[in-house]
Amino acid sequence: MTNRLEPKSKKTKSRKNKIVIDENAPLLPKTQETDAEGFNDFNGASFSGAVFNLSTTIIGAGIMGLPACVKKLGMVPGLIAIILTALLTAKSIEFMIRISKAGNISSYGNLVGDAFGKFGKAVLQICVIVNNIGMLIIYMIIIGDVISGTSSSGTHHSGVLEGWFGVHWWTGRTFVLLFTTLAVFAPLACFKRIDSLRYTSALSFGLAVVFLVIAVGISIFKIVIGGIEMPRLFPIITDVTSIIELFTVAPVVVTAYLCHFNVHPIENELEDSSQIHGIVRTSLALCSSVYLITSFFGFLLFGEETLDDVLANFDTDLGIPFGYVLNDAVRFSYAGHLLLVFPVVFYALRINIDDLIFSSSRPLVLDNFRFASITIALIGVIFLGANFIPSIWDIFQFTGATAAAFLAFIFPAAITLRDRYNIATKKDKILSVFMLVLAVFSNAMAIYSNASAIIKKNIA
């Protein structure tokens, strides 16, 4: 018996009674099957549970940065960019699923490895690791901003605890993040199956909706009382530099829809794997609706004062009854959402780093010491990053312009153009070329713009 996952000899739509260990796990000897902590009692994930897990993967910190993107682009181009990115994301995932089924491949890493060999698979896994560590650091930064406050924009914005109790050691950023890490992140990160997170994912999505409803309600009330000005519809363009700066939104929008690394793990746990197409479409439709509404009303509410992390805007007098209570409700609901998103993104991070480093070892779920060691090390790195990196926009620009662009568009397009199984149509290949050119050009411009801004800042 081989040490790594081999293609199954026969395709099947039914996943019932399948032992689900890990998307990259090797086959188990029969004597070990009963040791997988109840995996043999697992009859397959449900459609709704899969939708919540994939939607939770998508709706993370991106929703907080999108209003700032609309501010930079203007209302009309900003909302169009969100819609177009959703459509391209749907096609890129469709390419992945279709080619995976043709080759009977069960993970994103193996899909890239099938097309481009071990080197390609390793690059893919490194991209997942870089992106997911960056995103999880963003989640912690936002939670720290909400609970303890932030001064990353140059102006101090008080956190909820600081506003309630004043400045104390236990309302400080380090203590708050340490407490949430030990009390919430660490326990939830210990689940070995992604379907085990379906209930926390459902609650997470519900909290995002609560945030959305309150934010929209505040905006509508202010429109009625005449407290909102007409938003800027198009970008402010004065020179070539201002045009290049518009591309800095590309990494944020791409990152907002990135969920590709969890598509295969979710599909592998489905009772009926043919449901994955409907799950992807449903999740993207839900998330796109949330993104559009949040971006529209977020920019409408705060206008040119919209911050990189729009949650930080909810610390001022909104000019409405019970404004400060609503501020706290908005911030707490979304902080709670991010707390529950963390383990879903962490799941893919752990299995990819394990497969990259310990590719010849026994399944991660059967090695408790390795499982615990990787989990503790990764959470420690993320915790340190969240305490030393000041702004979510810095991470968005780095991960979005590099790893996220590869994962969301460049790899799916390249795999389609490689077309090992001769299933790509001419239309698929034209769209893949468009994805490649758009991803490379827009993110190269974003990197150039941010690098130029950093150099000018240092010179000044």
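When a residue number appears, it is its place in the shown sequence, counting from 1.
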* Asked: If we ignore angles and hydrogens, is there a donor and acceptor under 3.5 Å between the side chains of Asp355 and Gln125?
  -> yes

* To do: Would you please test Val263 and Ile97 for side-chain contact (heavy atoms from CB on, under 4.5 Å) and show each step?
  => CA-CA 8 Å; Val263 171; Ile97 295 172; 4.2 Å; yes

* Asked: If you round to the nearest 0.5 Å, how far is CG of Asp354 from OG1 of Thr375?
  -> 9.5 Å

* Could you name each residue pair satisfying salt bridge (charged side-chain N to carboxylate O under 4.0 Å, His left out) that touches residues 126-144, not counting sequence neighbours? => none

* Where is the tightest heavy-atom contact between Ile194 and Tyr347, given as atom of each residue plus distance? -> N-CE1, 3.6 Å

* Heavy-atom closest pair, residues Asn53 and Val344 -> O-CG1, 3.7 Å

* Would you say the side-chain atoms of Ser273 pair up with the backbone N or O of Leu270, donor to acceptor, closer than 3.5 Å? -> no

* Asked: Is there a side-chain contact between Phe221 and Pro321, using heavy atoms and a 4.5 Å cut-off?
  -> yes

* Sequence neighbours left out, what passes salt bridge (charged side-chain N to carboxylate O under 4.0 Å, His left out) with Lys222? Give chain and number order. => none

* To do: Say whether, by atom type as modelled, one donor and one acceptor occur between the side chain of Ser92 and the main chain of Thr89 under 3.5 angstrom.
  => yes

* To do: Any chance you could measure Leu307, atom CG, to Asn313, atom CG, to the nearest 0.5 Å?
  => 4.0 Å

* Between atom CZ of Phe346 and atom CG of Leu197, what is the distance when rounded to the nearest 0.5 Å? -> 11.5 Å

* To do: May I have the step-by-step check of side-chain contact (heavy atoms from CB on, under 4.5 Å) for Phe411 and Cys127, ending in yes or no?
  => CA-CA 10 Å; Phe411 275 126; Cys127 286; 4.2 Å; yes

* Asked: Can Tyr139 and Phe342 be said to form a ring pair (Phe, Tyr, Trp, His ring centres under 6.0 Å), step by step?
  -> CA-CA 7 Å; Tyr139 296 165; Phe342 189 97; 7.0 Å; no

* Hey, is the main chain of Val345 close enough, under 3.5 Å, to the side chain of Asn132 for a donor-acceptor pair? -> yes

* To do: State, with a plain yes or no, whether a side-chain heavy atom of Ile137 is found less than 4.5 Å away from one of Val381.
  => no

* Asked: If you measure only the distance, is there a donor-acceptor pair under 3.5 Å linking the side chains of His264 and Ser106?
  -> no

* Asked: Does some side-chain heavy atom of Phe297 sit less than 4.5 Å from a side-chain heavy atom of Ile220?
  -> yes

* To do: Let me see the working for Tyr334 and Ile59 under side-chain contact (heavy atoms from CB on, under 4.5 Å), right down to the final yes or no.
  => CA-CA 11 Å; Tyr334 209 79; Ile59 299 185; 3.6 Å; yes

* Asked: Looking only at heavy atoms, which two atoms of Leu340 and Thr56 are closest? And how far apart?
  -> O-CG2, 4.2 Å

* Measuring from Ile129:CD1 to Phe261:CZ, what's the distance to the nearest 0.5 Å? -> 12.0 Å

* Minimum side-chain heavy-atom gap Met140-Leu136 below 4.5 Å -> no

* Heavy-atom check, side chain of Tyr108 versus side chain of Asn262, under 4.5 Å -> no

* Asked: With a 6.0 Å cut-off on ring centres, are Phe165 and Trp170 close enough?
  -> yes

* Asked: Which value, rounded to the nearest 0.5 Å, describes the distance between Ile415 atom CD1 and Ile410 atom CD1?
  -> 12.0 Å

* How close do Thr248 and Ala446 get, heavy atom to heavy atom, and via which atoms? -> CA-CB, 4.0 Å

* Criterion ring pair (Phe, Tyr, Trp, His ring centres under 6.0 Å) on Tyr324 and Phe314, from CA distance to verdict -> CA-CA 8 Å; Tyr324 286 106; Phe314 287 94; over 10 Å; no

* Which heavy-atom pair separates Ile379 from Ala186 by the least distance, and what is that distance? -> CD1-CA, 3.9 Å

* **Main-chain N/O of Leu246 paired to Lys72 side chain as donor or acceptor, under 3.5 Å** => no

Quiz: residues 209-218 side-chain donor-acceptor pairs under 3.5 angstrom, not counting sequence neighbours:
none

* Hey, does the side chain of Arg331 reach the backbone of Asp328 with a donor-acceptor pair shorter than 3.5 angstrom? -> no

* Dump the intermediate steps for ring pair (Phe, Tyr, Trp, His ring centres under 6.0 Å) on Phe332 and Trp164, then the final yes or no. => CA-CA 13 Å; Phe332 261 131; Trp164 287 357; 5.7 Å; yes

* Asked: Near Tyr291 OH, under 6.0 Å, is it more than 12 heavy atoms from other residues, nucleotides or ligands?
  -> yes

* Would you please test Cys259 and Ile93 for side-chain contact (heavy atoms from CB on, under 4.5 Å) and show each step? => CA-CA 9 Å; Cys259 61; Ile93 295 176; 3.7 Å; yes

* Backbone N or O of Leu203 within a donor-acceptor pair of the His337 side chain at under 3.5 Å? -> no

* Taking the side chain as every heavy atom from C-beta outward, state whether Leu438 and Leu88 have any pair of such atoms under 4.5 Å apart. => yes

* **Residue pair Asn387 / Phe383: nearest heavy atoms and the distance that separates them** => ND2-O, 2.8 Å

* Asked: Side chains of Phe371 and Arg350: does their closest heavy-atom pair fall under 4.5 Å?
  -> yes

* Structure fact -> Taken in chain and number order and not counting sequence neighbours, the residues that satisfy salt bridge (charged side-chain N to carboxylate O under 4.0 Å, His left out) with Arg98 are Glu94, Asp428

* To do: To the nearest 0.5 angstrom, please state how far the NE2 atom of His260 sits from the CZ atom of Phe409.
  => 6.0 Å

* Sidechain N-carboxylate O distance under 4.0 Å for Arg173, Asp145 -> yes

* Please confirm whether the backbone N or O of Thr200 pairs with a side-chain atom of Ser204, one donor and one acceptor, at under 3.5 Å? => no

* Could you please spell out the steps behind the ring pair (Phe, Tyr, Trp, His ring centres under 6.0 Å) verdict for Phe247 and Phe441? => CA-CA 9 Å; Phe247 288 97; Phe441 177 76; 5.3 Å; yes

* Structure fact -> The salt bridge (charged side-chain N to carboxylate O under 4.0 Å, His left out) partners of Glu304 (sequence neighbours excluded) come to Arg232

* To do: Only pairs at least two apart or in different chains count here, so list each side chain to side chain donor-acceptor pair (under 3.5 Å) that has a residue in residues 280-290.
  => Ser55-Ser283, Tyr257-Ser288

* Contact check, side chains of Phe47 and Asp272, non-hydrogen atoms, under 4.5 Å -> no

* To do: Without swapping roles, check the side chain of Glu267 against the backbone of Ile276 for a donor-acceptor pair under 3.5 Å.
  => no

* To do: Report yes or no: does Lys71 contribute a side-chain atom to a donor-acceptor pair with the main-chain N or O of Thr306 at less than 3.5 Å?
  => yes

* Can you check whether Phe191's main-chain N or O pairs, donor with acceptor, with Ser196's side chain at less than 3.5 Å? -> no

